[in-house]
Visitor: 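So that we are looking at the same thing, I have put the structure below in structure tokens.
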Amino acid sequence: MAKFLNTTGVSYHLEELIKSTKDRLILISPYLQFHNRIRDHIQNLNIQKRDIRIVYRESKLQLEESNWLESQIGVRTSICPTLHAKCYLNENEAIVTSMNLYSFSQQNNDEMGIHVTKEKDPELYHDIYEEAQRLLTISEEIRVSVKKIDKKKSEQIINEKAVLIEKEKDYSKSNYKTTKELSEITGLSSRQINSWLVNNKLMYKEGDDWISTKKGYDWGAVSKTGQYGKFIVWPEEIVYEIKK
């Protein structure tokens, strides 16, 4: 029988699932930011030449994650642009959950999921495994490769980019993100993102609509209309401000 997991349960069983892998490990998560213990377990499995597959959605990894993945020669990574599912499995068990493989999410968010074992729920495990295989099939396998620079230099580059954007106010080449996407990138909840935007006088709510202020437009806000009313998309560079 499948077992319900709360946030603590997901984190615990995920770590146990990874470190107990004897054959094949599949990690499916739109966003990646590895906790140190998770890194250690994956690295140990890689040394033991286990078959490790990671599928994620966002191709722009943090520098630290990219460098670490590049160093793990045996780990195979794939990009799936439409990925929203979070699923982790090995040859004996699987977890389907709301939790990204993201350190902040594991420590701060309210998550839930289910834990399934092949022994007790063979049919359900098989269905999960088959869907994971389908995602692997439609994903584009890549080799993570970036130029390595030290952390101090990385932070300097990020700060210089943020200052340049603020100075020039040119968002023509920016990738625009919804509040939900900003939430997934930062690890904060959508409510926290909205509160930050409101508190910084970038937008306000009018009925069911989100309306940008002049300051919001100065920061690159673009108003959109969807099924549930008006909403705003933001240039991804705003993440630098939210994380301050």
Side-chain angles (χ1 to χ4, degrees), residues 28-34 54-70 77-86 100-105 109 135 138-149 153-198 200-203 209-244:
I28 299 172
S29 173
Y31 297 97
L32 303 177
Q33 185 188 65
F34 301 104
I54 299 177
V55 182
Y56 61 105
R57 184 175 78 193
E58 181 58 67
S59 59
K60 296 180 181 179
L61 292 177
Q62 295 289 330
L63 181 68
E64 186 177 359
E65 310 306 318
S66 295
N67 286 342
W68 182 78
L69 277 176
E70 184 185 20
T77 56
S78 301
I79 296 290
C80 181
T82 59
L83 183 65
H84 194 266
K86 297 90 176 175
N100 281 292
L101 193 59
Y102 205 87
S103 182
F104 186 97
S105 299
N109 289 354
L135 291 174
I138 66 172
S139 300
E140 179 184 1
E141 187 168 346
I142 64 170
R143 178 65 195 150
V144 176
S145 179
V146 296
K147 181 179 179 181
K148 296 184 180 180
I149 59 178
K153 183 66 175 177
S154 173
E155 291 175 350
Q156 180 183 346
I157 290 173
I158 291 173
N159 290 335
E160 287 175 353
K161 183 178 179 182
V163 169
L164 182 63
I165 290 166
E166 176 65 19
K167 181 178 179 181
E168 295 183 353
K169 293 289 194 294
D170 181 8
Y171 302 100
S172 60
K173 296 182 181 180
S174 297
N175 292 320
Y176 275 77
K177 305 292 184 181
T178 63
T179 298
K180 184 176 181 180
E181 289 172 326
L182 291 175
S183 168
E184 292 175 332
I185 293 171
T186 61
L188 300 173
S189 68
S190 295
R191 181 174 295 179
Q192 288 173 308
I193 296 293
N194 285 333
S195 295
W196 186 92
L197 293 166
V198 170
N200 284 274
K201 303 187 185 309
L202 300 180
M203 71 177 189
D209 298 329
W210 286 106
I211 309 297
S212 176
T213 62
K214 182 181 183 303
K215 181 180 178 181
Y217 285 123
D218 288 342
W219 281 41
V222 173
S223 182
K224 301 280 187 178
T225 301
Q227 181 180 357
Y228 302 105
K230 293 181 180 179
F231 64 98
I232 301 169
V233 293
W234 302 90
E236 65 179 351
E237 289 83 2
I238 201 170
V239 167
Y240 303 132
E241 298 296 328
I242 294 173
K243 287 186 174 181
K244 282 184 179 179

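Atom set for the values below is all heavy atoms of this structure, side chains included, hydrogens, waters and symmetry mates excluded.
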Visitor: Mind checking the OH-NZ spacing from Tyr31 to Lys86? Nearest 0.5 Å is all I need.
Guide: 9.0 Å
Visitor: Shortest non-hydrogen contact from Ser183 to Ser190?
Guide: OG-N, 3.5 Å
Visitor: Do any N or O atoms from the side chain of Ser29 and from the backbone of Leu32 form a donor-acceptor pair under 3.5 angstrom?
Guide: no
Visitor: Could you give me the CA-CA distance, side-chain angles and deciding distance for Glu184 and Tyr102, then say whether side chain to side chain contact (heavy atoms under 4.5 Å, CB included) is met?
Guide: CA-CA 9 Å; Glu184 292 175 332; Tyr102 205 87; over 6 Å; no
Visitor: Please check if the side chain of Asn109 supplies one atom and the backbone of Gly187 the other of a donor-acceptor pair under 3.5 Å.
Guide: yes
Visitor: Short question: side chain of Ser223, backbone of Ile232 - any donor-acceptor pair under 3.5 Å?
Guide: no
Visitor: Yes or no on side chain to side chain contact (heavy atoms under 4.5 Å, CB included) for Ile238 and Trp196, after CA distance, side-chain angles and deciding distance?
Guide: CA-CA 11 Å; Ile238 201 170; Trp196 186 92; 4.1 Å; yes
Visitor: Can you tell me how far the CH2 atom of Trp210 sits from the OG1 atom of Thr179, to the nearest 0.5 Å?
Guide: 7.5 Å
Visitor: Within a 6.0 Å radius of atom NZ on Lys180, are there more than 12 heavy atoms belonging to other residues, nucleotides or ligands?
Guide: no
Visitor: Apply the test side chain to side chain contact (heavy atoms under 4.5 Å, CB included) to residues Trp234 and Val239: give CA-CA distance (whole Å), side-chain angles for both, the deciding distance (0.1 Å), then the verdict.
Guide: CA-CA 9 Å; Trp234 302 90; Val239 167; over 6 Å; no
Visitor: Could you give the distance from CE (Met203) to NZ (Lys230), rounded to the nearest 0.5 Å?
Guide: 14.5 Å
Visitor: Looking at every non-hydrogen atom in both residues, tell me the closest pair between Ser212 and Tyr217 and how far apart they are.
Guide: OG-N, 3.3 Å
Visitor: Please give me the minimum heavy-atom distance between Ile54 and Phe34, naming the atom from each residue.
Guide: CD1-CZ, 4.1 Å
